[in-house]
Amino acid sequence: MVRQISAEVDLTAWLTRSVERDFSVFYQPIVAMPDRRVVGYESLLRWHTESGVLAPDAFLAVAEGISLLAPIGRHAIGEAIRDLAADISRMTGDEGFVSLNLSCQQLSDDGLVAYIDGLIRDYRVDPARVWIEVREDQVIRLETSAARTVNALHDLGCTICVDDLGAGFSALRYVRDLPVDVLKVDRTLIDQLVHSHSDRAVVRAISEMAAATGLRMVAEGIESDDVLEVLTEFGFDYAQGFFFGRPEPLSTWTGR
Ligand code: G
Ligand code: MN
């Protein structure tokens, strides 16, 4: 029994060390409209491998399959809330926020709410400054435990976001069934906003729904400034994209 326990402890320690060494959190700025001031950062997990830096789409499914996402994800959440309390607060002020992308599997982890609650208390940050992003296309598979977690995080005071809205078809159900605060409108709907009549009509409808239900809106994937005027016309509160900054290590933004 002692041998078995010590083997497990070593494995945990090894896993923790590897996670801390090979995974890091990058940050992409989110600006307020229309003045374009940076008011928050989306935290994005990156895996540093011999063949380069990988984004979650390249490894998430594998990590989830072997249950590695839980420790990796918790590590990333811990970093992001720690950075919020220190560097991000210095850069954006007391209202600045950090957003976390949580997959359906992560949300199904029963200990997650207590973990995030502990971090928020330890670092003494206003929970509203912790944004939780749940992708629209994960909604369909929302089981009760994931939905419970979203509700519990909202009860804690966290800000709940629908991510990549418009990339799937479940946004309306989501907005109805979950305590949503923010809509992040997907790049594919924002891209052609200046040129496409129909995209403008869809985004106008989304913005009217947001206004009527008191939701804030983020435009994702801004790569040039020609769309910014339309965003202001539609009442977008925030914008994000390569035009304002790519996901980078925090030191890029702090300059240290
Ligand atoms: O699903 P989610 O919106 O969380 O995805 C974030 C990813 O989108 C990041 O990994 C980032 O690299 C990518 N991204 C962010 N801004 C832009 C952009 O302006 N253009 C493109 N093509 N991708 C972007
Ligand atoms: Mn996101």
Side-chain angles (χ1 to χ4, degrees), residues 23-31 33 36 38-49 52-61 63-64 69 72-73 76-77 79-81 83-84 88 97-107 129-141 146 150 153 158-171 174 178 180-194 199 203 206 215-228 230-231 236-250 252-253:
F23 289 85
S24 71
V25 180
F26 279 25
Y27 292 92
Q28 184 178 32
I30 299 178
V31 305
M33 293 298 287
R36 309 185 190 182
V38 176
V39 289
Y41 290 85
E42 177 170 358
S43 65
L44 294 153
L45 191 60
R46 291 294 182 265
W47 187 9
H48 303 270
T49 71
V53 180
L54 302 183
D57 13 328
F59 62 82
L60 217 61
E64 287 198 329
L69 190 65
I72 298 169
I77 294 166
E79 287 237 328
I81 294 179
D83 288 340
L84 172 66
I88 293 177
F97 58 85
V98 74
S99 75
L100 316 168
N101 291 282
L102 297 182
S103 72
C104 199
Q105 189 182 82
Q106 279 177 292
L107 290 168
R129 301 174 62 201
V130 177
W131 287 24
I132 306 295
E133 297 192 14
V134 187
R135 271 169 48 182
E136 186 191 8
D137 62 1
Q138 302 250 330
V139 182
I140 300 162
R141 279 170 280 133
V150 173
L153 289 171
C158 295
T159 299
I160 308 296
C161 314
V162 182
D163 196 11
D164 298 338
L165 183 128
F169 300 95
S170 35
Y174 220 22
L178 291 173
V180 176
D181 304 295
V182 174
L183 303 178
K184 296 193 76 179
V185 180
D186 192 58
R187 173 161 57 89
T188 51
L189 274 181
I190 301 292
D191 260 355
Q192 303 300 318
L193 218 46
V194 174
D199 285 3
V203 174
I206 292 171
L215 299 176
R216 285 173 283 163
M217 289 192 301
V218 184
E220 295 186 298
I222 307 300
E223 294 186 356
S224 69
D225 64 354
D226 58 355
V227 73
L228 295 180
V230 187
L231 297 184
F236 274 85
D237 305 279
Y238 309 99
Q240 177 183 2
F242 294 170
F243 177 71
F244 300 110
R246 289 176 178 262
E248 305 277 4
L250 193 57
T252 303
W253 307 117

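Every number for a ligand or one of its atoms is a count from 1 in the order of the listing. By convention here, the first residue in the shown sequence is residue 1.
With hydrogens left out, the protein atom closest to atom 1 (O) of ligand 1 is D164 OD2, 2.8 Å, a heavy atom. For atom 6 (C) of ligand 1, the closest non-hydrogen atom on the protein side is L44 CD2, 3.9 Å. Summary of contacts: the protein heavy atom closest to atom 19 (O) of ligand 1 is F242 N, 2.8 Å. For atom 21 (C) of ligand 1, the closest heavy atom belonging to the protein is E223 OE2, 3.1 Å.
The Mn ion (ligand 2) lies at the vertex of an angle of 100° between the OE1 atom of E133 and the OE2 atom of E42 (rounded to 10°).
For atom 8 (O) of ligand 1, the nearest protein heavy atom lies 4.0 Å or farther away.
The closest non-hydrogen atom to atom 10 (O) of ligand 1, taken over E42, Q28, R46, comes from R46.
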Would you sort out whether N101 and E42 count as a side chain to side chain donor-acceptor pair (under 3.5 Å), showing the intermediate values?
CA-CA 8 Å; N101 291 282; E42 177 170 358; 2.7 Å; yes

Tell me, with the steps shown, if V162 and L215 meet side chain to side chain contact (heavy atoms under 4.5 Å, CB included).
CA-CA 11 Å; V162 182; L215 299 176; over 6 Å; no

Side chain to side chain contact (heavy atoms under 4.5 Å, CB included) between F97 and V182: does it pass, once the steps are laid out?
CA-CA 13 Å; F97 58 85; V182 174; over 6 Å; no

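Nearest N/O/S atom of D163 relative to the Mn ion (ligand 2): this is OD2.
Contact annotation: for I222 versus ligand 1, heavy atoms closer than 4.0 Å belong to the backbone alone. The proximity of R246 to ligand 1, defined as any non-hydrogen pair under 4.0 Å, does not occur for either the backbone or the side chain. If you look at P247 next to ligand 1, the close heavy atoms, those under 4.0 Å, all belong to the side chain. At a 4.0 Å heavy-atom cut-off, ligand 1 touches E220 through the side chain alone.
We find the CD-CG distance between E220 and D164 to be 5.0 Å, quoted to the nearest 0.5 Å. Between F23 atom CZ and E79 atom CD the span is 12.5 Å, to the nearest 0.5 Å. Distance CG/L228 to CZ/F244: 4.5 Å, rounded to 0.5 Å.
Contact atoms of ligand 1 toward G241: 16 (N), 19 (O) (distance under 4.0 Å to a heavy atom of the residue).
Residue E220 does not count as close to the Mn ion (ligand 2), with no N, O or S atom under 2.8 Å. Distance check for S99 against the Mn ion (ligand 2): none of its N/O/S atoms falls below 2.8 Å. Among the atoms of D164, no N, O or S atom falls under 2.8 Å of the Mn ion (ligand 2).
I222 places a side-chain heavy atom less than 4.5 Å from the side chain of L231.
Between the side chain of D181 and the main chain of R216, no donor-acceptor pair closer than 3.5 Å is present. Within the 3.5 Å criterion, the main-chain N or O of F59 finds no donor-acceptor partner in the side chain of W47.
Ring-plane geometry between H48 and F26 is classed as tilted, the angle between the planes lying from 30 to 60 degrees on a 0 to 90 degree scale.
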